[in-house]
Amino acid sequence: MTVESTAARKPRRSSGAGTKRASAKKTPQAPDEPQLVQLLTPEGERVTHPDYEIDLTADELRGLYRDMVLTRRFDAEATSLQRQGELGLWASLLGQEAAQIGSGRALRDDDYVFPTYREHGVAWCRGVDPTNLLGMFRGVNHGGWDPNSNNFHLYTIVIGSQTLHATGYAMGVAKDGADSAVIAYFGDGASSQGDVAESFTFSAVYNAPVVFFCQNNQWAISEPTEKQMRVPLYQRAQGFGFPGVRVDGNDVLACLAVTKSALERARRGEGPTLVEAFTYRMGAHTTTDDPTRYRADEEREAWKAKDPILRVRTYLENQGLADAAFFEETEAESEALGKRVREAVRSMPDPDTMAIFENVYADGHALVDEERAQFAAYRASFAEEGK
Amino acid sequence: MTVESTAARKPRRSSGAGTKRASAKKTPQAPDEPQLVQLLTPEGERVTHPDYEIDLTADELRGLYRDMVLTRRFDAEATSLQRQGELGLWASLLGQEAAQIGSGRALRDDDYVFPTYREHGVAWCRGVDPTNLLGMFRGVNHGGWDPNSNNFHLYTIVIGSQTLHATGYAMGVAKDGADSAVIAYFGDGASSQGDVAESFTFSAVYNAPVVFFCQNNQWAISEPTEKQMRVPLYQRAQGFGFPGVRVDGNDVLACLAVTKSALERARRGEGPTLVEAFTYRMGAHTTTDDPTRYRADEEREAWKAKDPILRVRTYLENQGLADAAFFEETEAESEALGKRVREAVRSMPDPDTMAIFENVYADGHALVDEERAQFAAYRASFAEEGK
Amino acid sequence: MAVKKLPIAKAINESLRKALETDPKVLVMGEDVGQLGGVFRVTDGLFKDFGEGRVIDTPLAESGIVGTAIGLALRGYRPVVEIQFDGFVFPAYDQIVTQLAKMHARSLGKIKLPVVIRIPYGGGIGAVEHHSESPEALFAHVAGLKIVSPSDASDAYWMLQQAIQGDDPVIFFEPKRRYWDKGEVDFDAIPAPLHSARVERAGTDLTLVAYGPMVKVCKEAAAAAADEGKSVEVLDLRSMSPIDFDTIQASVEKTRRLVVVHEAPVFYGAGAEIAARITERCFYHLEAPVLRVGGYHAPYPPARLEEEYLPGLDRVLDAVDRSLAY
Amino acid sequence: MAVKKLPIAKAINESLRKALETDPKVLVMGEDVGQLGGVFRVTDGLFKDFGEGRVIDTPLAESGIVGTAIGLALRGYRPVVEIQFDGFVFPAYDQIVTQLAKMHARSLGKIKLPVVIRIPYGGGIGAVEHHSESPEALFAHVAGLKIVSPSDASDAYWMLQQAIQGDDPVIFFEPKRRYWDKGEVDFDAIPAPLHSARVERAGTDLTLVAYGPMVKVCKEAAAAAADEGKSVEVLDLRSMSPIDFDTIQASVEKTRRLVVVHEAPVFYGAGAEIAARITERCFYHLEAPVLRVGGYHAPYPPARLEEEYLPGLDRVLDAVDRSLAY
Ligand SMILES: Cc1ncc(C[n+]2csc(CCOP(=O)(O)OP(=O)(O)O)c2C)c(N)n1
Ligand SMILES: Cc1ncc(C[n+]2csc(CCOP(=O)(O)OP(=O)(O)O)c2C)c(N)n1
Ligand SMILES: [Mg+2]
Ligand SMILES: [Mg+2]
């Protein structure tokens, strides 16, 4: 079963909008209609695609595998740290490793990333220390890293907003005459937000070098994609004047190839591309969510068979590109990562109380100064009483 | 020259987005790509279109002509009343008569209209007394008619907002099991607003019986359509899962036929349609605008040759469907309308001052009551002083 | 039915159920309000019992939610909209302040828009950014809207009934950290007018005014003050627009001292309006300036700092002491 | 250059020109700001002289304008955004209050967003709906933003220079009905701090505080009062966030009476914040409650009623008399 055939959760309109319903193998494609791009099947079989080819060394392939394994391990650790009360909340990326590592590894250092709140795998690719991601979920800050150190913007919680920031940033890149590109992540639910449509308009009009990377994980909390759209999302792009492509989001090779191609298009000054990575949120929306209230186990099981990591492992093994030692090493490395993260979180200090008043303004504000002083005096009065 | 060929103000991308650049006669059309629908050429020649046919009696044809002439006359009167200081502002529809009368006459009484601030011709079709439209431009009210008397909502000034109201209303129509339809007017500039995209999403997801009627008059104040979009607007619809069609907005027959077809589609429960009426704003944006600052006279002249009224007159004359008496009568009628409007405006009373405090709430609000009383007392104190 | 003890969230659920049962024009709409029953389970069971025609899971777009609710109201429906969290109402701000608030006036009274917008608001639940804000002043400044917030289960039930029955748009702020606090709801009661304040505890030395989540804190503060021999009167404001100034005035004429408490930032907050107007009304009665306790002029801090940021018992008592010291 | 007499609109134009000349990172963006030079011609000539790379006509989408300005600022640019009219800022409200205002704090100071949002505001020009509003309180309540409004040409020039040079987001409210009022601009001056209030006219009996378009009305009122032997001090607030309470306090300690005047609705307006805080600071000095003169709790009325709606000379003098009568 292809990824696409599962996608058709309900019958779509058969009008000129041109949706396709079943396996690409069965339905002849209209010439201008993008296929679901796949380069590695769920069974670990390497297939080709006329528009998206990629030639990776064994090292690179193992690298992608390692990235995904470590990201999953980190994510699992965070989920368990939340259960232990060390984090207030966690938004798991389970199931979306290929979409994130594939797109993340397509980036150059000088490219810039605008994530949502779930791009832990992309953060990993950018070299953001995973423990830094945990600050906001623990409640010690609202964003614990310097965006400019790794060209990885802070997580954005208000849905869709970051797509406009990415577009503006990309407009600036073009103004500077740089050949960097920008990537904006968002979800299937986010596609309904006016801001996302406005970012499509601005990026099209200014021909901004930005890639819109939608992880369609089938759910926006409890709402399936039918509540957000009537036809597959990638098709939205062409109505704004730029190409859209749907890629198997559980196929790290395809995600890498498609994103790379879109980034290169941006660098060449040809403007934005929408990439829809067709994937699945294997876990709950966040640790406070209970998906049993709204979705069937069978759906999850069907997607389990398309696991993004397993297929790469099968491929590496079948092709003899990695030996047992490599898998053991990766396993050990991932255990070490888990341990490091656990320890780092447990020893993460609470912020200083006076931080409430810090960084509200860059150049200061009289009222903040006044309130800071009053608050300090108020706290000092308790300290005195306590004496 | 077709309408379409003029439209291509700058070279478009030739990618899969599928724009067409020149006359439909020259370029073979892809099967699923809507043509610019035209049924009456600028020269008054009746042509056919496979998807949109319409069979009108001589009476009906003369009626459309009369509607356009009277609407234009009313509009001219309003412009001159503004110059005389009787109105604070006027937004002229000059050049857009066919788009408005064609779409307006496609409606049934039980359909509901959500206009922008320029739909004077549609208001005319709905039976709204034209003098009622002038209240807000004179500054005596913000909307001088009862929307439910003619199923014609108040003018909406904040760009794009009304498309969501129309969508919600249409959702209600569907809930009621009625077979009415709803039409939302908006401009080319408005297409950039997030609200418009959200109305596309909501109407698609709920399959709401709404027609989105965009008058692409080429300009949003001083900004040409290239500042709002990269490919023709009608193409946007298919990315949201419903059809879009571009119609010659200066062809009243085509506008009527295309709108009727879209309304019927809505009634049949097939959901929304986007109609892009390709037309031109012959006048200034409003009476405060000075288009010489941003556009060339030649452009306006080229569009003058495509006048929506003239082509119908030519057709009526050539086909012998109307005699001199009819044209004289219409002329006289339009003079009478001008006179009536002039007199009505000049004798339009200023609102009572206390109206400031009226209708702020339906069920009242203590503060409004308090401020009303204080204000009344304050004014009374002057009256006393005056004694 | 008569009287039942319910958590606030359940009282709201019952009130929505009652409204859906009573009036076929009432709709419940928002993100995740259907199948899931809302992220706080406030709409739990309604989708099952009333179906997707009445309890509507919407696309993820707040402007679209409020804008289509306006359209539905124009068609004769009475939508009760849920905004998932306080910090997510702003994409809908334009539709709320320029359309929802003003359409009745714009139409010279021809159009009524009985839309209720429910917003779980305030902090104290250890959440990430945007999930703990108190934006009520940003709505109360706008004519055409009515702004209310219940503090207990009975008010949650009845005030929502009244809000839905009224013909004006109402922003209904729900104190999310009190969702699980239980209280008695008398389903046969005749409720007080929606926009009246209520004396929660009588006192003679000073008046505390609060609403929503801070009413509980103020009652605790009054109890603590009583132990020290100070008689503090506590008013539950209940409505931030309109404000029942008469009830506050009557109290202050008696106690001669007023402290206003809210979670929202003090600067340009509800406390400012109350202070200004009560000072005008009670100029010769006040023995001390009206003091305000509330949020600082800073974004709502990360969860580990919220206990220090939120006005708690000590900060309220500190203000009481400062006022009494005049 | 030295000193020139200019209308406010032209002073802003010169200030933008200067900023574009001085700093290559400064951008001007908004609807119709390019070719047309803005609907008020405030950006006249800039497109011609600096080109479309610096003076950017944007799509018709306010959230998009502010959202992309934030992105440009993240890339190191300093966008000066125009919102065409006060009533059209609300589609951008979410980007302003949740992103622009909070990103500096969210990033623990790593990110700076030097974005200036220019908004022609207020009434008095006989316009249709949404073109005459005064929404400043809706922004001043939000931490992370700075809110200012000049009342004359010199301030228009210099305050905009300062706003652009600062590293915080600033909402720059321009008194549109005063755009054509001329005043001297000294291009070599050393301007007062951006957030300081200024004594416009000294007096001893009562203090009038106003900003933007109402400063002129208050100065006229003070002159009229002087004819009746009342010595009224007029302060131009200039900044609504932060507010220079020290200067107001100093004045009120002298005059013992305060009236605050603005076009915006009184309810939850800037006057409330000033009244509350000054009453706290000057409790024993005030001989009368702080009085407020401003808009009513009603949508801005149609043009033919605006003269009655807007606070004018008579209403200001009425408040002066009421205050003095205490
Ligand atoms: C403006 C806004 N509205 C609502 C929310 C609450 N919320 C958080 S995540 C989410 C669903 C997002 O779905 P999607 O875009 O598909 O991303 P995913 O979580 O599946 O990665 C919602 C409704 C929010 N964060 N912002
Ligand atoms: C939200 C908003 N922003 C800006 C404006 C100011 N404005 C009024 S009309 C207009 C241009 C509208 O262009 P278009 O949608 O093409 O309609 P047209 O006027 O051409 O009929 C603008 C920018 C507004 N009314 N609302
Ligand atoms: Mg999703
Ligand atoms: Mg237009």
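Proteins get letters first, then strands, A, B, ... in listed order; numbering begins at 1 in each.
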Colleague: Heavy-atom cut-off 4.5 Å, strictly under: side chain, backbone, both or neither for C/V266 against chain D?
Modeller: both
Colleague: Would D/E129 and C/K102 satisfy side-chain contact (heavy atoms from CB on, under 4.5 Å), going step by step from the backbone distance to the final call?
Modeller: CA-CA 10 Å; D/E129 205 186 347; C/K102 297 188 170 65; 3.8 Å; yes
Colleague: Tell me, out of C/A275, C/A298, C/A264, C/A140, who's got the most heavy-atom pairs with chain D below 4.5 Å.
Modeller: C/A140
Colleague: With respect to chain D, which residue among C/A105, C/G87, C/G269 yields the maximal number of heavy-atom pairs within a distance under 4.5 Å?
Modeller: C/G269
Colleague: Most heavy-atom pairs under 4.5 angstrom with chain D, which of C/G295, C/P265, C/A92?
Modeller: C/P265
Colleague: Please classify the contact of D/E280 with chain C as side chain, backbone, both or neither, using a heavy-atom distance under 4.5 Å.
Modeller: both
Colleague: Can you check whether D/R292 reaches C/R277 side chain to side chain, under 4.5 Å on heavy atoms?
Modeller: yes
Colleague: Can you classify the ring geometry of C/F245 versus D/F267 as parallel (below 30°), tilted (30 to 60°) or perpendicular (above 60°)?
Modeller: perpendicular
Colleague: Under 4.5 Å from any heavy atom of chain C, what part of D/A270 do you find: side chain, backbone, both or neither?
Modeller: both
Colleague: With rounding to the nearest 0.5 angstrom, report the OH to CD1 distance, C/Y268 to D/I274.
Modeller: 6.0 Å
Colleague: So which residue, D/I243, D/I96, D/V89, ends up with the most heavy-atom pairs under 4.5 Å with chain C?
Modeller: D/I243
Colleague: Atom CD of D/Q95 and atom CZ of C/F90: how far apart are they, to the nearest 0.5 Å?
Modeller: 13.0 Å
Colleague: So which part of D/H130 gets closer than 4.5 Å to some heavy atom of chain C, the side chain, the backbone, both or neither?
Modeller: side chain
Colleague: Starting from the C-alpha separation in whole Å, work towards a yes-or-no answer on side-chain contact (heavy atoms from CB on, under 4.5 Å) for D/H297 and C/H141.
Modeller: CA-CA 8 Å; D/H297 190 66; C/H141 185 52; over 6 Å; no
Colleague: Atom CG of D/D94 and atom CG of C/D94: how far apart are they, to the nearest 0.5 Å?
Modeller: 11.5 Å
Colleague: Might you confirm whether atom CD of C/E307 has over 12 heavy atoms from other residues, nucleotides or ligands at distances under 6.0 Å?
Modeller: no
Colleague: Over 60° means perpendicular and under 30° means parallel, so tell me whether D/Y326 and C/Y284 are parallel, tilted or perpendicular.
Modeller: tilted
Colleague: Let me know if C/E136 has heavy atoms under 4.5 Å from chain D in its side chain, its backbone, both or neither.
Modeller: neither
Colleague: Measure across D/P299 and C/A143 and return the closest heavy-atom pair with its distance rounded to 0.1 Å.
Modeller: N-CB, 4.0 Å
Colleague: Most heavy-atom pairs under 4.5 angstrom with chain C, which of D/A288, D/P242, D/P302?
Modeller: D/A288
Colleague: Calculate, to the nearest 0.5 Å, the distance between atoms OG1 and CD1 belonging to C/T279 and D/I278 respectively.
Modeller: 12.5 Å
Colleague: For D/R106, is it the side chain, the backbone, both, or neither that has a heavy atom closer than 4.5 Å to a heavy atom of chain C?
Modeller: side chain
Colleague: What part of D/E62 lies closer than 4.5 angstrom to a heavy atom of chain C: side chain, backbone, both or neither?
Modeller: neither
Colleague: Examine whether an atom of D/A137 lies under 4.5 Å from a heavy atom of chain C, and if so say whether it belongs to the side chain, the backbone or both; otherwise answer neither.
Modeller: both
Colleague: Could you grab the distance from atom CG of C/L138 to atom OH of D/Y93, nearest 0.5 Å is fine?
Modeller: 4.0 Å
